[in-house]
Number of protein chains: 2
Amino acid sequence: MVDNVHSVAAPEATDEAATTHERLLVAAAALFAERGYSGTSMADIAERVGVRKASLYNYYPSKEEILMHLLRHGIQAWDEAAVGELEGDAPVGERLWRHLLAAVRFVGERPELVAIFRVAATQIGGDLGERAMAEVKEFKDSHRRQLEAVFERAVADGEVRPGAPADHAYVLRMFANGVVTSQLHACEADERLEEGRLRNLWDLFWNGLACEAPASEVTA
Amino acid sequence: MVDNVHSVAAPEATDEAATTHERLLVAAAALFAERGYSGTSMADIAERVGVRKASLYNYYPSKEEILMHLLRHGIQAWDEAAVGELEGDAPVGERLWRHLLAAVRFVGERPELVAIFRVAATQIGGDLGERAMAEVKEFKDSHRRQLEAVFERAVADGEVRPGAPADHAYVLRMFANGVVTSQLHACEADERLEEGRLRNLWDLFWNGLACEAPASEVTA
DNA sequence: CCTACCGATCGGTAGG
DNA sequence: CCTACCGATCGGTAGG
């Protein structure tokens, strides 16, 4: 087990000037993201790294452990990139906007790491599936609790519409998840969001799609 | 090629009283959803169906064609379940709410079919990936255009906050995608949304998280 | 980091 | 719908 590689180098590092271990992680992340876990063979990874398959086992004892390492690394990197934005004394709408912006930037810069979450979530049964799911669940729960705390204070301070903070947190998470997921699939700059438009979308979301004037009673 | 099976029977039909072809589709959908495309072997499917592997090739010429059939079927079923709700003369907020409700009910009843979208999207490279992606893209574009048309009228009628209809549609799609995706992973009734709460979440989303009173200027 | 190799399983076919 | 089989590839190991 190797524990002195705490970062997965940026994709550019695949080409040159990176340790074999770093190139292993970059290659594995990209391949898992492209083809899924089962769709990627150790030989595929080795070919991209430029070594023989057996050499990979000097760094990780199994394919499973490569995925688990990437998953833990992805969670940590996402935490560092986005979670801090929730703290501070700025208006809650501003903190949440910066949180969303950080998340969208993260997926733009490291899409393979975000894709690992999806890959892990796809493996529902089996040993690997349970281990991966436990890691993802802990991460999601932590994020949810953090958002709920943010909204609890915001509701108390009258900064947001009255209601259950858990509901506010849920609505925000669903919107942010949708945006991040859509950006994950839009790798080819095909429908990448530029930040000006993202800000417009955020304002529309934050203030609501409904007309400001009280709408006529819904005919349910 | 068989074309007289237009439906994938409900999961209960796996047990008894269904043609082999129907059970094949049910088993394949469930297994692809659980383990992914590459993680599911023809032998796995055959075992669940209760026949030998070679017999499956009487119904589809390849594993790829099973996935493509399920993908097309899932798209059609989703269209039938949710798209019609967008039409009519009810207030736009009510039509969109019914659309979301139909989508959430659909994922609750047929999660394997919704999961197929994700499985297909995971296969990025290769023959299968391109064919599946083309099908999904056509479906998504059609849904996007439909929502944009809905919002174009709603903006013109002053039923929603002024702005670009494409932005309204984007915000709604991101929220709905997030909700459906979260329900997809919450198969174990662990955090299934009941419809009363979903309605509360919808109202919060539709009217906006922001306080109704004009918030103080954002300190950007 | 390599060559050489392991048993198991892969998608698919032949032939009935 | 079955038995029997194909070449290819799988994750992983031995030994250096």
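Here is the naming used below: chain letters follow the sequence lines, and residue numbers restart at 1 for every chain.
Applying the side-chain contact (heavy atoms from CB on, under 4.5 Å) rule to A/Val92 yields the partners A/Arg95, A/Leu96, A/Val150, A/Ala154, A/Glu159, A/Val160, A/Trp206; only residues at least two apart in sequence or on another chain are considered. Listed by chain and number, the residues in a salt bridge (charged side-chain N to carboxylate O under 4.0 Å, His left out) with A/Glu34 amount to none (sequence neighbours excluded). Looking at residues two or more places apart in sequence or on another chain, you find no side-chain hydrogen bond (donor to acceptor under 3.5 Å, both in side chains) involving A/Arg153.
Checked against the 6.0 Å centroid threshold, B/Phe139 and B/Trp78 count as a close aromatic pair.
Taking a pair as Watson-Crick or G-U with both hydrogen-bonding distances under 3.5 Å, the stems of three or more pairs touching DNA chain D are C:1-16 with D:1-16.
Heavy atoms of other residues, nucleotides or ligands lying less than 6.0 angstrom from CZ of B/Arg52 number 12 at most.
Using modelled atom types and a 3.5 Å distance limit, the side chains of A/Arg23 and A/Thr20 yield a donor-acceptor pair.
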Would you list the protein and nucleotides 11-15 of chain C atom pairs, both N or O, that sit under 3.5 Å from each other?
| unit_1 | atom_1 | unit_2 | atom_2 | d |
| --- | --- | --- | --- | --- |
| C/dG11 | OP1 | B/Thr40 | O | 3.3 |
| C/dG11 | OP1 | B/Lys63 | NZ | 2.7 |
| C/dG11 | OP2 | B/Met42 | N | 2.9 |
| C/dG11 | N7 | B/Lys53 | NZ | 2.9 |
| C/dG11 | O6 | B/Lys53 | NZ | 3.3 |
| C/dG12 | OP2 | B/Tyr57 | OH | 3.2 |
| C/dG12 | OP2 | B/Lys63 | N | 2.9 |
| C/dG12 | N7 | B/Lys53 | NZ | 3.4 |
| C/dG12 | O6 | B/Lys53 | NZ | 2.9 |

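Looking only at distances, a side-chain donor or acceptor of A/His99 sits under 3.5 Å from a matching main-chain atom of A/Ala82.
Atom CG of B/Asn58 and atom C1' of C/dG16 are 12 Å apart (whole Å). Rounded to whole angstrom, the span from the CZ atom of B/Arg52 across to the P atom of C/dC10 amounts to 14 Å. Here the P atom of nucleotide D/dA8 and the CG atom of A/Asp44 are 17 Å apart, to the nearest Å.
Within the structure, ring pair (Phe, Tyr, Trp, His ring centres under 6.0 Å) pairs that include any residue of residues 24-53 of chain B comprise B/Phe32-B/Tyr37 (at least two apart or interchain).
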